[in-house]
Amino acid sequence: MYEISDNKQLAPGYNLLKINAPLVAARIEPGQFVVLRIDERGERIPMTVCDYDREEGIISMVVHAVGKTTKRLSILKPGEKILNVAGPLGVPSAIKKYGHVAGVCRQGTAAALYPIMRAMKEEGNRVTVVIGAKSRREIIFEEEMRAFCDRVIIKTDDGSAGSRGYAVHGLTELLKEDRADLVMAIGPTTMMKTASKIAIAHGAKVLVSLGAIMLDGTGMCGACRVTVGRKTRFACVQGPEFDGSLVDFDELKRRQRMYLKAEKISLQAFEREKETETQKTDR
Amino acid sequence: MKRKRVRQKKQHPGERIKNFDEVVIGYTEKDAVEEARRCLQCRDAGCRKGCPVEIDIPGFIKFIKEREFGLALETIKKNNYLPAVCGRVCPQEVQCEGRCILKKKQEPISIGGLERFVADYMLKRMPGQNPPIVPQVSRTGKKAAVIGSGPAGLTVAASLSELGHSVTVFEALHEPGGVLVYGIPEFRLPKKIIKKEVEYIKSLGVDIKVDVVIGKTLFIKDLFDMGFDAVFIATGAGLPKFLGIPGENLNQIYSGNEFLFRINFMKAYMFPEYDTPVNVGERVFVIGGGNVAVDCARCARRMGARVTVLYRRGRDEMPARSEEIRHAVEEGIEFRYLVSPVGFVDDGNGNVEAVKCIKMQLNDPDRTGRRRPVPVEGSEFVIEADTVIIAIGQSPNLLVSVATPDLEVSGDGVIKVDGDGRTSMKGVFAAGDITTGTATVIKAMGAGKIAARAMHEYIERKGNGRKEIAGRNRT
Ligand SMILES: Cc1cc2nc3c(=O)[nH]c(=O)nc-3n(C[C@H](O)[C@H](O)[C@H](O)COP(=O)(O)OP(=O)(O)OC[C@H]3O[C@@H](n4cnc5c(N)ncnc54)[C@H](O)[C@@H]3O)c2cc1C
Ligand SMILES: Cc1cc2nc3c(=O)[nH]c(=O)nc-3n(C[C@H](O)[C@H](O)[C@H](O)COP(=O)(O)OP(=O)(O)OC[C@H]3O[C@@H](n4cnc5c(N)ncnc54)[C@H](O)[C@@H]3O)c2cc1C
Ligand code: SF4
Ligand code: SF4
Ligand code: FES
């Protein structure tokens with residue numbers, strides 16, 4: 001059992017969850033994730049570890065509540081426990097001296113980008129981060145990024161913070177005036193696809209972190225298979241980071257939709273359950 | 001006088017395809033004794049030589065005849081820690097029963113059925129009457145680490161624990177049992193049986209830690225740093241193979257492992273009560289001919305699908321257990337032999353819509369005596385499918401060897417060992433599927449036993465060496 005040591009809402013739908021998992025905390029590196037399961041009936045889902053305290057044995061993650069499991073995670077209280085946390089999984093980010101590294105993310109994925117960019121800075125790179133969001137309210141990790149980034153660019157869909165537009169627009173604007181050696185894009189699949197095109201057009205290397213559907217996370221099922229450079233790769237053990245210029249993003253998008261129907265059923269059942277529960281406690 | 005084999009009771013096919021309960025219900029006490037009576041008690045018994053762990057088969061059958069079921073179990077347990085499992089899943093027809101003298105004249109003794117009966121009988125009779133929990137502190141003061149909790153890992157853990165060492169098992173998944181829990185379906189091997197067997201092994205003092213992925217969470221080097229005197233690797237052959245043909249990554253194309261992992265380990269057959277989904281659809285094709293293929297087909301059938309297994313060789317070449325092929329046929333699963341897929345058709349939305357196949361023929365036996373299938377030119381055809389499951393084999397798990405460069409492996413990731421399970425690294429042993437590729441439960445356990453002996457010797461010798469040095473230092 002793994003105890004929740006903190007749970008804090010950062011923005012609507014986004015929670016920073018801290019979990020006591022000493023073995024993972026001792027070994028995790030930027031770019032790696034865990035597979036967790038809440039209880040006996042729960043699904044195994046992957047979550048990127050965005051920060052860690054090796055001494056305290058604590059790992060942090062930002063949970064975007066999109067379906068049953070992530071919604072349940074978001075309402076866990078400190079002191080409550082979840083059944084399984086396995087990791088660290090995946091290959092750590094290749095932290096090297098590139099020169100200028102430009103990170104691109106949207107809303108909650110800023111958390112996944114954060115430890116990578118921090119390590120890139122520590123390695124001696126100049127780092128710029130573009131954060132995109134729907135509006136001011138959905139921006140998270142801005143302060144954390146500003147603490148070490150050479151530059152942070154904010155883009156919002158409605159212009160309520162930074163300038164109006166998507167993160168990828170911010171990337172284009174940036175690359176026009178300031179060449180990057182590496183673009184590191186983490187976010188929705190469409191965004192990573194576009195960011196990769198932009199990076200290539202500007203002669204930058206590009207890495208993306210793929211959100212393939214996963215099950216075991218140890219290479220034993222092939223649920224997470226993605227096509228990279230015409231070859232099938234398992235995102236959990238050979239990724240999740242890959243060269244964005246080689247990834248078949250359309251296939252990935254399609255595979256991510258494989259369980260839409262079931263996910264809806266699961267969520268509806270959960271919400272009905274929650275409703276009856278609140279009714280009970282209201283009475 | 002010829003007496004016919006007494007059959008084990010089974011669920012009727014029409015009934016069992018509607019549930020995931022066990023197909024074979026097993027012997028009653030009376031039936032077991034009756035079947036045991038048929039055994040000729042051969043002196044130089046062939047059956048025993050057919051069993052990879054050489055259980056004293058005439059010996060335990062004699063006890064059944066005498067209704068001494070406790071003694072029967074004791075006899076079996078001398079060579080096999082998991083009789084309830086092996087009685088159910090061993091390919092008996094090519095092992096013990098295949099060598100039974102009665103095979104030629106009538107039908108061989110149902111050795112598996114009897115073994116299972118004894119194990120189940122005693123499991124039922126002794127609820128909570130497990131042997132006393134041995135305290136965690138080991139009697140020898142020595143510690144052994146076991147990586148992987150499949151049959152090989154559990155056997156080694158139990159053996160070393162009985163020899164007085166303190167044993168910790170590290171398992172990557174959330175439950176111990178390996179293929180026995182994530183692969184073999186409930187209707188062939190109920191989870192509660194494995195749970196009981198695992199409980200028994202824990203009662204010997206073995207500590208099992210789940211969620212620990214060796215090569216990621218901890219490395220072999222860490223285990224030695226933590227004070228383990230020897231390490232045993234039994235990580236199995238769990239990596240799914242794919243065909244490498246066009247369209248293989250379309251939605252609704254599963255590896256056999258993923259399909260079983262979802263349905264069986266994550267209980268997707270109880271979705272949405274359990275959270276993990278699986279999409280099955282009405283028309284399912286399973287590609288392959290081994291146990292995994294047949295298990296997938298039978299799971300899909302139970303999810304309501306019409307199922308066809310496509311195998312590129314013939315029935316006689318199928319490596320699956322023959323009893324299970326028979327069960328599958330009874331359940332209405334169709335087998336099409338001498339066909340091989342060459343590609344998959346997209347429905348326009350990224351889902352598989354059809355399988356392109358080609359007919360095969362078997363050429364003359366090659367030097368190994370196996371007839372190789374070759375495509376028949378111009379025989380391509382297309383069949384419509386909602387779901388395709390690819391079950392063409394697994395290769396060794398790589399996480400440990402990738403993270404341990406000193407460990408010698410062959411090209412496909414099989415860990416190299418000598419006859420006693422010693423790897424190229426000092427103090428590191430291995431057995432089971434990780435050293436052979438996919439084999440059988442009992443072979444994994446048999447090799448585990450041998451490795452456990454070698455490990456015990458190593459640990460003892462190492463300990464003595466140390467004492468000597470310590471002694472010399474003192475003088
Ligand atoms: C390497 C990796 C790291 C991730 N890190 C984070 C993170 O830090 N924070 C975060 O909020 N989310 C992260 N995700 C995504 C997260 O795993 C999914 O959102 C989660 O599984 C959804 O589960 P659910 O039951 O809440 O929603 P569901 O209703 O099951 O699904 C909602 C969406 O999530 C996707 N999804 C469903 N199941 C899985 C699965 N087993 N694996 C991957 N995607 C799935 C589906 O495509 C769907 O679009 C990560 C995914 C991967 C692959
Ligand atoms: C679907 C299916 C049906 C089968 N049916 C039969 C049958 O009817 N009869 C029969 O005799 N045989 C059958 N087999 C084969 C048999 O199950 C295997 O030969 C046997 O389980 C091998 O045992 P093992 O202990 O070597 O490995 P496994 O049972 O594969 O166990 C390996 C364990 O190691 C764990 N592991 C892997 N990597 C790591 C790591 N890095 N760190 C920690 N843990 C790790 C895995 O999660 C797993 O739990 C079947 C196999 C399958 C897949
Ligand atoms: S362990 Fe398997 S091979 Fe040996 S006697 Fe039992 S069923 Fe037969
Ligand atoms: S060979 Fe057959 S008849 Fe002879 S002892 Fe073994 S099980 Fe009995
Ligand atoms: S999640 Fe199963 S192989 Fe990657």
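Everything numeric in this text was worked out from a predicted model, so none of it was measured. Reminder, nothing fancy here: chain letters follow the sequence lines and each chain counts from 1.
Y2(A) and D211(B) share a side-chain donor-acceptor pair at under 3.5 Å.
At least one donor-acceptor pair under 3.5 Å links the side chain of K216(B) to the backbone N or O of G90(A). Under the 3.5 Å distance criterion, the side-chain polar atoms of S255(B) are matched with a main-chain donor or acceptor of C221(A). Using modelled atom types, no side-chain atom of N249(B) and backbone atom of T232(A) make a donor-acceptor pair closer than 3.5 Å. Side-chain N or O atoms of R257(A) include none that pairs as donor or acceptor with a backbone N or O of G350(B) at under 3.5 Å.
Interface remark: L83(A) contributes backbone atoms only to the contact with chain B (heavy atom separation under 4.5 Å). Heavy atoms of Q32(A) lying under 4.5 Å from chain B belong exclusively to its side chain. For a residue to count as touching a neighbouring chain, one of its non-hydrogen atoms must lie under 4.5 Å from one of that chain's; by this rule L250(B) touches chain A with backbone and side chain alike. Only the side chain of R72(A) comes within contact range of chain B, judged by heavy atoms closer than 4.5 Å. For a residue to count as touching a neighbouring chain, one of its non-hydrogen atoms must lie under 4.5 Å from one of that chain's; by this rule F219(B) touches chain A with backbone and side chain alike. Neither the backbone nor the side chain of V34(A) comes within contact range of chain B, judged by heavy atoms closer than 4.5 Å. Within the 4.5 angstrom heavy-atom criterion, only side-chain atoms of F234(A), from C-beta onward, approach chain B.
Contact of the R37(A) side chain with the D275(B) side chain is not registered, since no non-hydrogen atoms from C-beta on lie closer than 4.5 Å. Between R41(A) and E273(B) there is a side-chain heavy-atom pair separated by less than 4.5 Å. Using a 4.5 Å heavy-atom cutoff, the side chains of S266(A) and F271(B) are in contact. Put simply, the side chain of R27(A) reaches to within 4.5 Å of the side chain of D222(B), judged on heavy atoms. Put simply, the side chain of R225(A) reaches to within 4.5 Å of the side chain of I253(B), judged on heavy atoms.
Residues of residues 392-403 of chain B lying within less than 4.5 angstrom of chain A, judged on heavy atoms, are N397(B), L399(B) in numerical order.
With chain A as partner, the option from R262(B), M270(B), E248(B), E175(B) having the largest number of non-hydrogen pairs under 4.5 angstrom is R262(B).
The aromatic rings of Y259(A) and Y254(B) sit tilted relative to each other, their planes meeting at an angle between 30° and 60°.
Shown here for M266(B) and G42(A), the closest heavy-atom pair between the two residues is CE-O, 3.5 Å.
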